[in-house]
Amino acid sequence: MEFMPEPYRTKAVERITLLPREQRIERLRQARFNVFKIPAADIFIDLLTDSGTGAMSDNQWAGLMIGDESYAYCRNYITFEDTVRDITGFNHIIPVHQGRVAENLLFTCTVKKGDYVPSNNHFDTTRANVEHQGAMAVDLVVDEGLDPKLDAPFKGNIDLNKVENLIKKVGRDKIPVGMLTVTNNAGGGQPVSLANIKAYSELLHKYGIPFYLDACRYAENCYFIKKREPGQQNRSVKEIAREMFSYADGCTMSAKKDGLANIGGFIATNNDELAIRLKNMLILIEGFITYGGLAGRDLEAIARGLVEALDEDYLAYRTEQVRMFGQMLLDEGIPIVQPPGGHAIFVDVNGLLPKFPRDQYPGWGVTVALYREGGVRAVEIGGVMLGQHPDGSEHFPEMELVRLAVPRRVYSMAHLAYVVSILKKIRDDKSLVKPLKITWQAPALRHFTADFAEI
Ligand SMILES: Cc1ncc(COP(=O)(O)O)c(C=O)c1O
C-alpha cells in the first residue's frame with residue numbers, strides 16, 4: 001500500500017457552515033481582527049489548533065460511561081496512572097486539567113528569578129510560565145531548524161554546543177531544569193531524534209541539571225524516529241517512547257494532543273521530593289492528587305486515548321495526512337516549513353510575502369485573510385505571538401509562520417484541499433493580506449486577546 005488512509009470510519013457527523021463573505025467581514029470587525037475571538041460556529045474549517053480538538057473514538061466515549069466520580073482514588077485514576085506509567089516509566093503521575101498547569105507547577109516548584117531554562121523552542125505557554133517566575137526561557141534549536149526551506153529529518157533537535165555554552169556562561173546553578181519539546185511545535189512541529197534526546201540528557205546530567213520533556217506530541221515524535229532514524233525501524237513506537245522517557249527525569253504533558261482527549265494532562269517525575277511539592281501545589285490550584293481538575297470520566301478517556309495514539313496504523317495515517325496537505329501547498333508554490341511536521345503545516349510568511357513590513361504583522365494578516373476569503377481559522381506564530389517581551393519591548397522572531405494545525409481524526413483530505421484553494425487565492429492576490437496595527441494588548445500572551453485595526 002502506498003499510504004495508510006483513515007483506519008476508522010465515520011459513525012457520527014457534525015454540521016459545519018460557511019457563512020457568506022459579507023458576514024465573515026462583519027465577524028472579523030466584531031472580533032477586532034483577532035480570529036481567536038470569532039465564535040466557533042462561524043468558522044468553516046478550524047485549523048486554529050490540534051489541541052483538544054480531536055475526535056474521540058467509540059471506545060473513548062464508552063469509557064465516559066464508566067467514569068467514577070469519587071473524590072479520591074477513583075478507579076479511572078488507577079487506570080490512568082497504570083497507563084501513563086506503562087508508557088513513560090515515571091514514578092509519580094500527577095493529573096492536571098491541561099498542559100500549562102503542568103508547566104506552572106514545574107516552574108513554580110523549581111525556577112526562581114534570574115534563572116535560565118533552555119529548550120529547543122519553548123511553546124508560548126511554556127515560555128510565559130518560565131517568564132512568570134522572572135526567569136529566561138532560552139531557545140537553542142539547531143541552526144537547521146531555523147531554515148524553513150531545508151529538508152532535514154530532525155530539525156527539532158537542540159544544539160548541544162549552544163546548551164553547553166549557556167551552562168558555562170550563566171553557571172550551572174542558574175539552570176534549575178532543561179526542557180525539550182517533542183515534537184517542536186513553535187519550531188515548525190519538527191521531530192527530535194532519539195540520539196539527540198539521549199545526548200542532551202547526558203549533557204544536562206553531567207552538570208547535575210534535571211531534564212524534563214514537554215511530551216504533548218511524543219507519539220508523533222516517536223513515529224518519526226521509527227521512520228527516519230537509522231536502526232529504529234524494527235522497534236515498536238511504544239518501545240521507542242519508553243526509551244525516550246527513560247532519558248528524562250520527568251515530563252509535562254497536554255493530553256489534548258497525543259492523549260486524543262478534549263481536556264487533560266499530567267506532570268510526571270521520578271523526583272520524590274519534588275513530587276511532594278508538586279502535589280501540595282496541585283491541591284491548592286487544581287484539586288486532589290488523583291483528579292487534578294478533571295472528572296473521573298476524563299481520566300478514562302485520556303487513558304484510552306493514550307493507548308490509541310500509539311496505534312501505528314493511526315500514526316501512519318496521521319503523519320501521512322499532514323504530509324499530503326503540505327505537498328499540495330508546495331505543488332502550488334506556497335512556501336511552508338519543510339519537511340511537514342507531525343501535527344501541522346506552517347506557512348512561511350516571510351517567503352510568501354517577502355516585502356511586507358514585520359511591524360505590520362504579516363502572519364496575522366494571513367490569518368485574517370484566510371477567514372475573510374474562506375472561513376478558515378489558523379494561528380499566527382510570529383511577530384504577534386512571540387514578539388512581546390516582559391520588559392515591554394518588541395523583537396520579532398526569525399520565522400514568521402502561520403500554523404495550519406490539523407485536528408486528529410476530524411477533517412478529510414477534501415477539507416484540506418479546500419484550505420489549499422484559499423491559500424492559492426491569497427498567493428495570487430497578495431493585496432488580500434492587509435497591514436495591521438495593535439490597538440490593545442495584554443501584558444503577556446497578547447495574541448489570545450489583542451485587538452487590531454487594519455491600516
Ligand atoms: C508544545 C506545547 N506545550 C504545551 C502546550 C500547552 O498545553 P495546554 O494547551 O493543554 O495547556 C501546548 C499546547 O498547544 C503545546 O503545543
Side-chain angles (χ1 to χ4, degrees), residues 51-52 54 56-111 125-126 129 132-133 177 210 212-216 218-219 238 241-242 245 248-310:
S51 176
M56 292 210 299
S57 66
D58 50 358
N59 177 47
Q60 285 175 292
W61 281 105
L64 298 186
M65 288 306 292
I66 57 157
D68 167 1
E69 305 308 338
S70 308
Y71 190 90
Y73 286 95
C74 68
R75 66 168 165 258
N76 314 104
Y77 173 74
I78 310 292
T79 311
F80 169 83
E81 187 188 33
D82 287 350
T83 307
V84 176
R85 189 167 294 132
D86 179 47
I87 295 168
T88 66
F90 293 128
N91 287 339
H92 302 277
I93 318 289
I94 303 168
V96 293
H97 88 270
Q98 63 179 90
R100 69 199 65 187
V101 183
E103 296 163 0
N104 182 283
L105 290 168
L106 178 63
F107 300 133
T108 306
C109 293
T110 56
V111 171
T125 58
T126 325
N129 272 300
H132 188 62
Q133 302 301 324
V177 57
Y212 281 73
L213 284 162
D214 176 342
C216 300
Y218 82 94
K238 189 171 167 191
R242 194 62 196 249
F245 285 115
D249 298 285
C251 73
T252 58
M253 172 79 185
S254 167
K256 298 168 73 176
K257 287 84 171 171
D258 282 352
L260 293 176
N262 300 122
I263 197 71
F266 56 85
I267 175 160
T269 182
N270 284 335
N271 181 330
D272 299 339
E273 186 271 324
L274 176 64
I276 293 170
R277 287 188 289 133
L278 292 171
K279 287 177 190 174
N280 287 339
M281 184 65 78
L282 183 85
I283 292 171
L284 189 67
I285 64 172
E286 285 276 89
F288 187 64
I289 55 174
T290 60
Y291 77 83
L294 295 165
R297 57 180 173 272
D298 297 327
L299 292 165
E300 189 65 36
I302 296 167
R304 294 180 182 211
L306 285 166
V307 173
E308 290 176 17
L310 286 170

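In this text the structure is predicted, and so the values were computed from the model without any measurement.
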**Request:** With the side chain counted from C-beta on, respond yes when Cys109 and Leu274 share a heavy-atom pair under 4.5 Å apart, and no when they do not.
**Result:** yes
**Asked** Tell me, do Ile78 and Asp82 make a side-chain contact under 4.5 Å, heavy atoms counted?
**Response** yes
**Distance (rounded to the nearest 0.5 Å) between Thr269 OG1 and Ile276 CD1** = 11.0 Å
**Complete:** Taking every heavy atom of Pro95 against every heavy atom of Phe80, the minimum-distance pair comes out as CB-CE2, 3.8 Å
**Prompt:** In Å, rounded to the nearest 0.5 Å, how long is the span from CD of Glu286 to CG of Asn104?
**Reply:** 9.0 Å
**Pair Asp68-Tyr77, side-chain contact (heavy atoms from CB on, under 4.5 Å): steps then yes or no** = CA-CA 9 Å; Asp68 167 1; Tyr77 173 74; over 6 Å; no
**Request:** Evaluate the criterion side-chain contact (heavy atoms from CB on, under 4.5 Å) for residue pair Asn271 and Asp249; output intermediate values, then yes/no.
**Result:** CA-CA 7 Å; Asn271 181 330; Asp249 298 285; over 6 Å; no
**Item:** Exercise: identify the closest heavy-atom pair between Ala275 and Ile94
**Value:** O-CD1, 4.3 Å
**Message:** Under a 3.5 Å distance rule, please check whether Gln60 uses its side chain to pair with a backbone N or O of Glu308 as donor and acceptor.
**Reply:** no
**Approximate separation, where rounding is to 0.5 Å, of Asp86 CG and Lys238 NZ** = 3.5 Å
**Request:** Return the minimal non-hydrogen interatomic distance between Ala309 and Ala219, and the atom names on each side.
**Result:** O-CB, 3.6 Å
**Fill in**
Closest non-hydrogen contact found for Glu103 with Thr252 is N-CG2, 4.1 Å
**Request:** Evaluate the side-chain proximity of Thr108 to Gln133: yes if any heavy-atom separation is below 4.5 Å, no if none is.
**Result:** yes
**Request:** Evaluate side-chain contact (heavy atoms from CB on, under 4.5 Å) for Met56 paired with Leu64, printing each intermediate quantity in order.
**Result:** CA-CA 11 Å; Met56 292 210 299; Leu64 298 186; 3.9 Å; yes
**Message:** Taking ring pair (Phe, Tyr, Trp, His ring centres under 6.0 Å) as the definition, give me every residue that meets it alongside Phe245, ordered by chain and number, with sequence neighbours left out.
**Reply:** Phe90, Tyr218
**Prompt:** How about Asn59 and Val307: do any of their side-chain heavy atoms sit closer than 4.5 Å?
**Reply:** no
**Prompt:** Taking all non-hydrogen atoms of both residues, which atom of Ile263 and which atom of Ile302 are closest, and how far apart?
**Reply:** O-CD1, 3.5 Å
**Fill in**
Rounding to 0.5 Å, atoms OG (Ser70) and CG (Asn76) come to a distance of 8.5 Å
**Fill in**
The reported gap from CD in Gln98 to CG in Asn262 (rounded to nearest 0.5 angstrom) is 12.0 Å
**Message:** Is there a side-chain contact between Asn270 and His92 in this structure, where contact means two heavy atoms from C-beta onward sitting under 4.5 Å apart?
**Reply:** no
**Item:** From Thr83 atom OG1 to Leu299 atom CG, the distance as rounded to the nearest 0.5 Å
**Value:** 10.5 Å
**Complete:** All heavy atoms of Arg242 vs all of Gly89, minimum pair found to be NH2-CA, 3.6 Å
Listing, residues 287-298 side-chain donor-acceptor contacts under 3.5 Å, not counting sequence neighbours, or none:
residue, atom, partner, partner atom, Å
Thr290, OG1, Tyr73, N, 2.9
Arg297, NH1, Glu69, OE2, 3.4
Asp298, OD2, Ala295, N, 3.0

**Asked** Do the side chains of Thr88 and Met253 get nearer than 4.5 Å, heavy atoms only?
**Response** no
**SB check Glu81 Arg85 (cutoff 4.0 Å)** = yes
**Message:** Apply side-chain contact (heavy atoms from CB on, under 4.5 Å) to residues Leu105 and Ile285 and explain how you reach the verdict.
**Reply:** CA-CA 9 Å; Leu105 290 168; Ile285 64 172; 3.9 Å; yes
